[in-house]
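Convention: sequence-line order gives letters A, B, ...; per-chain numbering from 1.
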2 protein chains.
Amino acid sequence: MAEPASRLFRPDEADDDTPSTATEAALKRLKRDLIRGVLPSGRKLKIRELTERYGIGASPMREALAQLASGGFVNIESNKGFRVAPVSRSHLVDITQTRQIVEGEALRHAIANRTEAWEEEIFTSFQLLKWEIDRRDSRSEEWLDAYEERHRRFHLALIAACPLTALKQFCEDLYTQMTRYRRMLKEMGFSEQIGSSQHEEIMSLVLDGDVEKAVATLRDHIAITATAVLADDRI
Amino acid sequence: MAEPASRLFRPDEADDDTPSTATEAALKRLKRDLIRGVLPSGRKLKIRELTERYGIGASPMREALAQLASGGFVNIESNKGFRVAPVSRSHLVDITQTRQIVEGEALRHAIANRTEAWEEEIFTSFQLLKWEIDRRDSRSEEWLDAYEERHRRFHLALIAACPLTALKQFCEDLYTQMTRYRRMLKEMGFSEQIGSSQHEEIMSLVLDGDVEKAVATLRDHIAITATAVLADDRI
DNA sequence: AAACACATTTTTATCGATAAAAAGAGGGCG
DNA sequence: CGCCCTCTTTTTATCGATAAAAATGTGTTT
């Protein structure tokens, strides 16, 4: 029996990757476009445009938007519709610091509940990430997507053994929020190498069970994107 | 200019308490019924029933449900509709421990960013809570609502000075999640006094700036509901 | 009686049309 | 010019009807 989705608590990871309803399909594509930055920050999301773009009716479209709104990607205002949640310096600082706290805690709990499988997944996802960085081909949308996918996988792997579902889910949400900023960085022409060296260090510290150093390094790593983005005054 | 709502980041607290759309009205009433336990855990939420109950059409109803689903109050399953998110021992333990972590952190940050107004609101909300407990009239729905409202206000007041919006918002969501369990406790006939003595202690420690003791006491206090509920084997 | 196929009912998900609200576009007037 | 009133256009929010899917029921076969 597949468990249904829930935001604050998800006992079982139920990946329905084949959208069987129009709402799900719209949700998936819309989220992707938001993260990719195809739909820029602050932009008005007119129902008409969206229904044409994604080829579905207004009701499922609004349903998908309502979900994204709760997830913080989209803002609603009564009788004025939806718009892409704006990015801002203060928002970036906020989610960065919050992420440092909660992802650090989650890592602590993960290490305290380590298993073989968890360690293996960390190693695997690290290797995949490293290979992806080595054969990098910036400016290619596909490469950026592949890189982002592996980066995400690595970060989620680190905290996967944390038994607190709600905490882990929140980390995942924050990570996703941060993706837009990370993407901006790439588009500003920064090297993907920024912070890359830390991945191996984090992995080693985590696998060695050096909790304090691991958490400290993870926190530093989380701060790097923010520092780099904030250094640019176009934002 | 009123700020729109967002889950992970809410720069300005925009209370639109007069629902101007059917979706908002449905959202509000439905959420209330979920928290009150009128719609019990795990129950199927048939669109037809809901539209009749709340007197609105299917589209806004589904939109409201989609939002509650992202908030963790409701579960969706493709082509099988919505149901009230089930309560369970594991869920209670999960959100309790997560809340201990994040609310403790939030309190730390709040104390580090203390202001006059913040201290005053803590004092005020504490007094209101105390008075409400003194003139208690259990088994009365109105009293339970009033008590819950003030308990909530006190807890949110404690962390209000925390500048990390995303963290604070998450605390609020977790608090709301816990309300259903707190309500169960009352219905099981427990005294409202459980944990009440700690409120004054927490307030004193916080206002005295004794961070470590304040955080420790808050964590204990958060655990109490869970301990009491878990002691009952009807759940 | 369990297992299966098929018909019926119920429920979900979706569309297309429409009322209500907001945004925009003149046009007079201080 | 800037402000306000009105009319028009655009956009949102909502309803009612319907196709698609799941659940339920019924009879048939082993």
Side-chain angles (χ1 to χ4, degrees), chain A residues 1-6 14 16-31 33-34 39-40 42-70 73-86, chain B residues 1-6 14 16-31 33-34 39-40 42-70 73-86:
Chain A
M1 173 171 42
E3 277 292 339
S6 158
D16 46 280
D17 36 17
T18 313
S20 85
T21 71
T23 301
E24 280 167 35
L27 186 63
K28 200 173 172 181
R29 292 189 56 193
L30 188 50
K31 195 169 184 177
D33 287 348
L34 287 168
L39 299 165
R43 165 153 175 184
K44 188 80 213 299
L45 291 167
K46 292 181 198 160
I47 301 291
R48 191 108 189 296
E49 281 180 10
L50 295 177
T51 56
E52 279 164 17
R53 178 186 248 264
Y54 300 116
I56 59 169
S59 317
M61 196 67 246
R62 290 183 61 89
E63 209 174 308
L65 284 164
Q67 268 175 267
L68 287 169
S70 287
F73 273 106
V74 163
N75 292 155
I76 310 183
E77 205 177 350
S78 308
N79 293 319
K80 299 182 98 190
F82 304 83
R83 58 180 58 234
V84 181
Chain B
M1 174 171 42
E3 277 291 338
S6 157
D16 47 281
D17 37 16
T18 314
S20 87
T21 71
T23 301
E24 279 168 34
L27 186 63
K28 201 174 172 181
R29 292 189 56 193
L30 188 49
K31 193 169 184 179
D33 287 347
L34 288 168
L39 300 166
R43 165 153 175 185
K44 188 79 213 297
L45 292 168
K46 292 182 199 161
I47 301 291
R48 191 109 190 294
E49 281 179 9
L50 296 176
T51 56
E52 279 164 17
R53 178 186 247 266
Y54 299 117
I56 58 168
S59 317
M61 195 68 246
R62 289 183 60 89
E63 209 174 306
L65 284 164
Q67 267 175 270
L68 287 170
S70 288
F73 274 105
V74 163
N75 291 155
I76 311 183
E77 206 177 348
S78 309
N79 292 320
K80 299 182 99 191
F82 304 84
R83 58 180 58 234
V84 181

### Task
Could you tell me whether a side-chain N or O of A/Thr51 sits under 3.5 Å from a main-chain N or O of A/Ala58, the two making a donor and an acceptor?
no
Test of understanding: with side-chain contact (heavy atoms from CB on, under 4.5 Å), list the residues that count as partners of [X], not counting sequence neighbours.
| X | result |
| --- | --- |
| B/Leu68 | B/Leu27, B/Leu30, B/Lys31, B/Leu34, B/Phe73, B/Val74 |
| B/Ser59 | A/Ser59 |
| A/Lys46 | A/Lys44, A/Glu49 |
| A/Pro40 | A/Arg43 |

Just the rounded figure in Å: distance from [atom2] of [N] to [atom1] of [X].
| X | N | atom1 | atom2 | result |
| --- | --- | --- | --- | --- |
| B/Glu63 | D/dT12 | CD | P | 12 Å |
| B/Phe82 | C/dT12 | CZ | C1' | 9 Å |
| A/Met61 | C/dG16 | CE | P | 16 Å |
| B/Arg62 | C/dC15 | CZ | P | 12 Å |
| A/Leu65 | D/dT11 | CG | C1' | 14 Å |

| field | Set of side chain to side chain donor-acceptor pair (under 3.5 Å) partners for B/Arg53, sequence neighbours left out | value |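 Residues passing side chain to side chain donor-acceptor pair (under 3.5 Å) with B/Arg53: B/Asp33.
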With sequence neighbours excluded, what pairs up with A/Glu63 under the side chain to side chain donor-acceptor pair (under 3.5 Å) test?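 B/Arg62.
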Remember a base hit wins even if backbone is also touched, and classify A/Thr23 as base, sugar-phosphate or nothing at under 4.0 Å, heavy atoms. sugar-phosphate
**Message:** Classify A/Thr21 by what it touches in the nucleic acid, base, sugar-phosphate, or nothing, heavy-atom distance under 4.0 Å.
**Reply:**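 Sugar-phosphate: the residue A/Thr21, judged by heavy atoms under 4.0 Å, touches backbone atoms but no base.
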Rounded to the nearest 0.5 angstrom, the OG1-CE distance for A/Thr23 and A/Met61 is 9.0 Å
- Message: Please report the interatomic distance CG(B/Asn75) to CG(B/Leu45), rounded to the nearest 0.5 Å.
- Response: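 It is 9.5 Å, given to the nearest 0.5 Å.
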Pairing string of DNA chain D (Watson-Crick or G-U wobble, both atom distances under 3.5 Å; | = paired to other strand) is ||||||||||||||||||||||||||||||
- Where do B/Ala25 and B/Pro19 come nearest, in terms of heavy atoms and distance?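 What the structure gives for the nearest pair is N-CB, 3.6 Å.
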Distances under 3.5 Å between nitrogen or oxygen atoms of protein and nucleotides 18-22 of chain C:
none

Within residues 46-58 of chain A, the residues having a heavy atom closer than 4.0 Å to DNA chain D are A/Lys46, A/Ile47
Heavy atoms, side chains only, cut-off 4.5 Å: are A/Leu65 and A/Leu50 in contact? yes
**Asked** Taking OP1 and OP2 of C/dA23, is either one under 4.0 Å from a side-chain nitrogen or oxygen of A/Lys44?
**Response** no
Between protein and nucleotides 6-8 of chain C, what N or O pairs are separated by less than 3.5 Å?
none

Find every protein N or O atom lying less than 3.5 Å from an N or O atom of nucleotides 6-8 of chain D, and list the pairs.
none

